[in-house]
Asks: 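The following block contains the structure, expressed as structure tokens.
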2 protein chains.
Amino acid sequence: MLTDRQLLILQVIIDDFILTAQPVGSRSISKKDEITHSSATIRNEMADLEELGFLEKTHSSSGRVPSEKGYRFYVDHLLSPLRLSNQELTTIRQAFKDRMMEFERVVQKSAGILSELTNYTSIILGPEIFETKLKQLQIVPLNDQSAIAILVTDTGHVEHRAFNIPVEIDHSQLEKMVNILNDRLRGVPLVKLYEKLQTEIYDLIEIHTDQHEHAYSYLQAALLDEHQTKLYIGGKTNILMQPEFKDLDKVRSLYAIIEKENEMADLLRSDEQGVHVRIGHENPFDAMQNCSLITARYTLGNEQAGTIALLGPTRMEYNRVISLINVLSKQMTETFRGWY
Amino acid sequence: MLTDRQLLILQVIIDDFILTAQPVGSRSISKKDEITHSSATIRNEMADLEELGFLEKTHSSSGRVPSEKGYRFYVDHLLSPLRLSNQELTTIRQAFKDRMMEFERVVQKSAGILSELTNYTSIILGPEIFETKLKQLQIVPLNDQSAIAILVTDTGHVEHRAFNIPVEIDHSQLEKMVNILNDRLRGVPLVKLYEKLQTEIYDLIEIHTDQHEHAYSYLQAALLDEHQTKLYIGGKTNILMQPEFKDLDKVRSLYAIIEKENEMADLLRSDEQGVHVRIGHENPFDAMQNCSLITARYTLGNEQAGTIALLGPTRMEYNRVISLINVLSKQMTETFRGWY
DNA sequence: TGTTAGCACTCTAATAAAGTGAGTGCTAAA
DNA sequence: TTTAGCACTCACTTTATTAGAGTGCTAACA
């Protein structure tokens, strides 16, 4: 167990390093107001903290740098909840004030705010689209050959896809089919759409239109979009401003990861309620081992949920960032609650 | 006027520099197969070419580097049309083979291909949306308080916006209004929508619904999206791979420009038909003075057009890039022609 | 027994000095 | 007109030197 003095020193060292990105020496610590002891005493304590694995040296005569274990301890035990500044709060309030009604906008804006306020990169995972249910299907003919299928879900999400109209099918038949589909598919989760189409709808179409084979295959093509859960990214270039990423290779490999939407989505999906912090090697990807990832879930009033995350160097302003992400995820949840 | 030998030497020097990014010395040129003269002769010619402003030195005893004037001359007079490799052609063909029907997809994919094949950053300006005409307006009620307005244009572009339904208006009234709007607004260019709403529609609504004031203001909010012309960017991080951008400050300032959508859009909008090359200071922005921008217009069958562009260092593979962008813009035009 | 002053020691980072090599310009001869 | 030859330039690399920040250890002190 650490003594109070050790706790204090560890905290001051990590705070300092987070601010300056420079290894922290005993003398600079001893000069701080909250520290009353001499540099020699600090040196002794630092040696102990290093032995315990909370601090590291970059070389034998350098100052100390927090280890991952140090950060972990800092996050778990040394973080005093921070009141956000007025400026930060108003930025958030302001953004949510003008009643945005689209989910996408809210999320995009949130990602923007988050990266702007923190100078890190924000990543927001949209809610699992495939769980949303079909509200309405519309087909808008553009001309004789093509039409647009528009799909509205109960969350107000809109997907659309253009497709060719087979020449054998005229407008009245198309309309008939759309009516059938709306009758039968309303309320069906998107993920079940295909299945339902296979089992129930085929027969119905067969009865009502003569060109059923043809119509069916075109319908399939029109409806079977990927329904992929979307990733919203803000401040991707903020990574470049962090001194730990002055090496371009690191930047590149980190970008490579971020761009792998599926893997990022899986990573973000995994967490439970509340704010979570993944430090360095706690992240699964090699390129993220100098990074920390802060995540929080938000919900959409119904059972659906998404994740809001912030990616930065392990030397991260945990205090502020955690408060921010906490406030923002709650604000998002709050905003969405009214909708559904 | 330049002699044939000077032309040859200039070409060889620029070709070499584009390949290696290193200042080119007289000896390395004299060793090339196509050059039969000694390094001393080359040196004399190089001195002349420098005096004429086509070449520069980085310092008094360095090899030569093309000046902007040199690149300009190279692009205007020394470029032999290049046959694209089979690999490049198949990449493009492949991408356009699976019949994508949405404009957005085609453009997004094109941006991807272009940046992938060139390792530069591709920027595609969508067609001027506000010139497209309204095809159909739909309103899908989500629940008692909210609905989604969906707007389909004649080009198959879909925009949607959620809005609150005023409590005073019930579904049948809403439906009536939508019918009126569709009758009156079909075929109206998006840019005129607002105007038309002001002048013609207001009276109509007044006649048909009792809650016209209320309904009207909500309609306005629902319909008046920004209709902004979109910018599609591919391979933004490719900039990092160019040796001329190992200085992060340059990268940052370039990113800053690219992210200013409006200014980029204006820049891309300006060009006429055909492939255009802007070298270094021919670009308006400070951050782009080490860059060249290659642009070409594509059209949508009707009168509408957009721009496809490629941004890289002035030391650019002009030959290949120009061919590529040429082929791709034609392919896009070709693809769209069938649609409208 | 905990704290601290003092000192030798270590290692980085900055600066200076010396050497290397690619490249140039000029001259004179072919 | 071309080219061989040579002196010269300048960036880049290597090596040395120094300054400074920091450590660990010891011995004295409260």
Side-chain angles (χ1 to χ4, degrees), chain A residues 1-10 12-17 19-67 70 243-244 246-247, chain B residues 1-10 12-17 19-67 70 243-244 246-247:
Chain A
M1 197 49 210
L2 296 183
T3 65
D4 282 355
R5 195 169 69 187
Q6 284 175 320
L7 291 179
L8 177 63
I9 290 172
L10 182 58
V12 171
I13 290 175
I14 298 186
D15 282 341
D16 191 84
F17 183 73
L19 208 66
T20 64
Q22 297 299 325
V24 185
S26 57
R27 218 174 101 79
S28 70
I29 292 300
S30 73
K31 276 192 286 196
K32 304 237 169 193
D33 289 345
E34 56 267 55
I35 303 290
T36 54
H37 295 275
S38 75
S39 65
T41 310
I42 304 297
R43 270 202 293 287
N44 290 332
E45 295 286 26
M46 280 167 118
D48 290 349
L49 286 168
E50 180 175 3
E51 202 167 358
L52 291 167
F54 295 110
L55 295 177
E56 286 170 353
K57 284 190 283 193
T58 61
H59 59 85
S60 72
S61 71
S62 79
R64 298 308 203 294
V65 156
S67 67
E244 24 273 284
K246 63 180 187 311
D247 176 10
Chain B
M1 196 51 213
L2 296 183
T3 65
D4 281 356
R5 196 168 70 187
Q6 284 176 320
L7 291 178
L8 177 63
I9 290 172
L10 183 57
V12 171
I13 289 175
I14 299 186
D15 282 341
D16 191 84
F17 183 72
L19 208 67
T20 64
Q22 297 298 323
V24 186
S26 56
R27 217 172 101 78
S28 71
I29 291 299
S30 73
K31 276 193 286 194
K32 302 240 169 190
D33 289 345
E34 57 269 54
I35 303 289
T36 55
H37 294 276
S38 76
S39 66
T41 309
I42 306 297
R43 269 202 295 285
N44 290 331
E45 296 286 26
M46 281 166 116
D48 290 349
L49 286 168
E50 181 176 2
E51 201 167 353
L52 291 166
F54 295 109
L55 296 177
E56 286 170 352
K57 285 191 281 193
T58 59
H59 58 86
S60 72
S61 72
S62 78
R64 298 306 202 295
V65 157
S67 68
E244 22 273 284
K246 64 181 187 312
D247 175 9

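Proteins come first, then strands; the chains are lettered A, B, ... in the order of their sequence lines, and each starts at number 1. Here the structure is a predicted model, which means the values were calculated and not measured.
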Asks: Are the side chain of B:Ser62 and the backbone N or O of B:Thr58 linked by a donor-acceptor pair below 3.5 Å?
Replies: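 Yes, the answer is positive, given that a donor and an acceptor are paired below the 3.5 Å cut-off.
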Asks: Any side-chain N or O of A:His59 below 4.0 angstrom from OP1/OP2 of C:dT10?
Replies: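 No, because none of the side-chain N or O atoms of A:His59 sits under 4.0 Å from OP1 or OP2 of C:dT10.
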Asks: Could you run down nucleotides 19-30 of chain C 5' to 3' and tag each one B, S or - for protein heavy-atom contact under 4.0 Å?
Replies: ----BBB-----
Asks: In whole Å, I'd like the distance from the CD1 atom of B:Ile42 to the C1' atom of D:dA4.
Replies: 15 Å
Asks: Under 3.5 Å, is there a donor-acceptor pair between the side chain of B:Ser67 and the main chain of B:Phe54?
Replies: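 Yes: the side chain of B:Ser67 pairs with the backbone of B:Phe54.
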Asks: Taking the axis from the first five pairs and the axis from the last five, what angle separates them in the helix from C:dT1-D:dA30 to C:dA30-D:dT1, rounded to 10 degrees?
Replies: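 Taking five pairs per end, the axes differ by 20°.
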Asks: How many angstroms lie between OG1 in A:Thr3 and CD1 in A:Ile9, if you round to the nearest 0.5 Å?
Replies: 7.0 Å
Asks: To the nearest 0.5 Å, what is the distance between CD1 (A:Ile35) and NE2 (A:His37)?
Replies: 8.0 Å
Asks: Hey, is B:Arg64 close enough to B:Glu56 for a salt bridge, meaning N to O under 4.0 Å?
Replies: no
Asks: Would you say B:Thr20's side chain and B:Asp16's backbone share a donor-acceptor pair under 3.5 angstrom?
Replies: yes
Asks: How do B:Thr41 and B:Thr58 order along DNA chain D: which one's closest nucleotide is nearer the 5' end?
Replies: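 It is B:Thr41, whose closest nucleotide lies nearer the 5' terminus.
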Asks: Please name all residues satisfying side chain to side chain contact (heavy atoms under 4.5 Å, CB included) with A:Leu19, sequence neighbours left out, ordered by chain then number.
Replies: none
Asks: Assess whether atom CD of A:Glu34 is packed by more than 12 heavy atoms of other residues, nucleotides or ligands within 6.0 Å.
Replies: yes
